[in-house]
Peer 1: 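Submitted below is the structure of interest, expressed as structure tokens.
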Amino acid sequence: MEARHLRYALALAEHQHFGRAAASLGIAQPPLSTQIAALEREVGERLFDRTSRGVLPTAAGEAFLARARTALAEMRLAGIDAGRAARGETGRLRIGFTGSALLDPLPGVLGRFRRTHPAVRLALQELDSPTAAAALLAGELDVAVGRGSPRGAGAENLVTVPIGADHLVAVVSVAHPYAGLPSIDLEQLAQEHLIASPDAVSSYLRPAFGPDPAALDGATMARDIHTIAGLAACCAGVGLGPDRMRLIARNDIWFCDVTPRFRLPDLQMSFRVTDRSPVLASFLSVVRRNCADVGSRLDDLLARHPSAVAAEG
């Protein structure tokens with residue numbers, strides 16, 4: 001039994017006449033009669049009565065036609081769903097991200113992606129950079145946004161593109177003596193109680209303090225940049241973090257540049273070279289439009305990996 005047999009039966013039920021039904025289908029009457037007879041043999045029941053009033057469905061025919069309508073509707077929806085999935089309009093995308101990316105650029109990227117791809121299920125998880133990279137390599141994430149390039153076994157199988165640069169800044173309460181200063185130096189910071197994330201301390205803050213990072217040994221560990229800013233507002237110490245922390249809208253904190261200027265590892269977006277998901281391609285296309293210079297960098301990186309997913313331009 002094929003879809004055309006269902007369409008033939010429905011057309012015959014609608015027109016109640018072999019000639020008119022055949023004309024609506026664009027075929028001759030004899031083939032239609034032959035196909036309806038074959039369908040009745042396959043079903044094992046008479047589906048239509050040939051009467052002087054026209055060709056009318058039997059009780060078996062009415063039951064068959066109800067299922068036929070549903071089956072054809074499902075077939076049409078199956079084709080629509082397949083097309084949407086192939087275009088990356090449906091499916092799931094798992095993203096792990098470091099907290100500072102929620103200040104920029106993720107709000108613009110995720111907001112636009114949700115507006116343009118409302119049927120895609122986004123699974124979002126805040127993770128420190130090493131954990132996000134490990135989850136990506138393990139196949140537990142589709143995209144990882146972290147600070148610095150992923151390291152470890154399998155990292156060569158990832159495409160990693162910078163999506164944001166930062167330098168180190170300090171944040172203090174407006175009641176702190178440093179409030180109002182445009183900048184402070186590392187020697188001044190070394191005399192303060194510091195607040196930072198464990199990821200930052202292990203990844204880049206110790207090199208910033210040079211050969212004597214003792215100031216970090218007693219630092220208060222905070223999970224994310226909002227906690228760092230909140231603790232600084234409470235006069236719990238001097239917070240350290242990326243320049244994008246300035247986007248935190250609070251009137252009880254003050255930001256100071258750190259001198260000498262210390263550039264932090266870039267925010268990087270990574271995905272697996274072999275991931276050919278249309279949803280990933282759609283997401284990369286949105287990233288291109290929202291993050292300056294990412295498109296050309298991404299093109300260069302993908303050119304080195306012919307097997308990688310290609311994002312839409």
Side-chain angles (χ1 to χ4, degrees), residues 1-95 110-124 139 142-143 271-272 274-289 302 306-313:
M1 190 181 304
E2 301 176 14
R4 61 190 175 94
H5 295 125
L6 306 184
R7 290 194 294 270
Y8 292 169
L10 288 170
L12 184 56
E14 177 184 356
H15 294 282
Q16 300 181 358
H17 187 276
F18 274 99
R20 291 192 295 272
S24 72
L25 292 166
I27 62 175
Q29 179 175 333
L32 176 61
S33 299
T34 299
Q35 292 297 326
I36 292 297
L39 178 61
E40 290 178 320
R41 287 194 300 272
E42 182 173 352
V43 172
E45 301 291 345
R46 191 176 77 258
L47 302 179
F48 293 94
D49 279 332
R50 287 73 168 167
T51 72
S52 58
R53 295 181 292 112
V55 182
L56 304 176
T58 63
E62 291 287 3
F64 178 86
L65 291 167
R67 292 287 188 178
R69 291 186 187 94
T70 301
L72 287 175
E74 287 297 320
M75 291 175 70
R76 284 192 293 272
L77 290 175
I80 292 171
D81 287 349
R84 295 183 68 197
R87 294 188 297 271
E89 296 174 3
T90 62
R92 180 181 65 162
L93 191 68
R94 302 165 298 171
I95 304 174
L110 294 179
R112 185 169 191 166
F113 188 76
R114 278 208 178 277
R115 290 192 299 273
T116 56
H117 297 76
V120 172
R121 302 187 308 279
L122 282 177
L124 304 172
D142 304 305
V143 176
F271 55 92
R272 289 182 299 279
T274 55
D275 191 340
R276 305 189 66 80
S277 162
V279 175
L280 175 60
S282 294
F283 180 74
L284 295 179
S285 182
V286 170
V287 172
R288 286 173 178 273
R289 293 193 288 270
L302 293 176
S307 62
V309 63
E312 302 169 5

Peer 1: Does any non-hydrogen side-chain atom of Thr116 lie less than 4.5 Å from one of Val286?
Peer 2: yes

Peer 1: Between CG of Leu56 and CZ of Arg50, what distance do you get to the nearest 0.5 Å?
Peer 2: 10.5 Å

Peer 1: Just how far is it from atom CG of Leu47 to atom CD of Glu42, taken to the nearest 0.5 Å?
Peer 2: 10.5 Å

Peer 1: Does a side-chain heavy-atom distance below 4.5 Å link Glu89 with Val120?
Peer 2: no

Peer 1: Would you say the side chain of Arg69 lies within less than 4.5 Å of the side chain of Leu10, judging by non-hydrogen atoms?
Peer 2: yes

Peer 1: Tell me the closest heavy-atom pair linking Gln16 and Ala13, and the distance in Å.
Peer 2: CG-O, 3.5 Å

Peer 1: Which heavy-atom pair separates Leu32 from Tyr8 by the least distance, and what is that distance?
Peer 2: CD1-CB, 3.7 Å

Peer 1: Taking all non-hydrogen atoms of both residues into account, name the closest pair between Arg272 and Gly139 and its distance.
Peer 2: NH1-CA, 3.7 Å

Peer 1: May I ask you to decide whether Asp142 forms a salt bridge with Arg92, counting only side-chain N to carboxylate O separations under 4.0 Å?
Peer 2: no

Peer 1: Atom CZ of Arg7 and atom CD of Gln35: how far apart are they, to the nearest 0.5 Å?
Peer 2: 11.5 Å

Peer 1: Provide the closest heavy-atom pair for Val279 versus Gly91 in the form atom of the first, atom of the second, distance.
Peer 2: CG2-CA, 4.1 Å

Peer 1: Kindly give the heavy-atom pair with the smallest separation between Leu72 and Ala3, and that separation in Å.
Peer 2: CD2-O, 4.0 Å

Peer 1: Compare every heavy atom of Glu40 with every heavy atom of Phe48, then report the nearest pair and how far apart it is.
Peer 2: N-OE2, 3.1 Å

Peer 1: Does the side chain of Leu110 come within less than 4.5 Å of Phe283's, by heavy atoms?
Peer 2: yes

Peer 1: Is there side-chain contact between Thr58 and Phe64, with at least one heavy-atom pair below 4.5 Å?
Peer 2: no

Peer 1: How about CE on Met75, more than 12 heavy atoms from neighbouring residues, nucleotides or ligands closer than 6.0 Å, or not?
Peer 2: no

Peer 1: Would you say the side-chain atoms of Arg20 and Ser24 include a donor-acceptor pair closer than 3.5 Å?
Peer 2: no

Peer 1: To the nearest 0.5 angstrom, please state how far the CD atom of Glu45 sits from the CG atom of Leu39.
Peer 2: 11.5 Å

Peer 1: For a 4.5 angstrom cut-off between non-hydrogen side-chain atoms, does Phe113 reach Ser282?
Peer 2: yes

Peer 1: Using only atom types and a distance under 3.5 Å, with no angle test, would you say the side chain of Asp49 pairs donor to acceptor with the backbone of Thr51?
Peer 2: no

Peer 1: Could you tell me if the side chain of Val55 sits less than 4.5 Å from the side chain of Ile36, heavy atoms only?
Peer 2: no

Peer 1: What is the distance from atom OG1 of Thr34 to atom CD of Gln29, rounded to the nearest 0.5 Å?
Peer 2: 10.0 Å

Peer 1: To the nearest 0.5 Å, what is the distance between NE2 (His17) and CG (Leu12)?
Peer 2: 10.0 Å

Peer 1: Apply side-chain contact (heavy atoms from CB on, under 4.5 Å) to the pair Thr90 and His117, showing each step before the final yes or no.
Peer 2: CA-CA 7 Å; Thr90 62; His117 297 76; over 6 Å; no

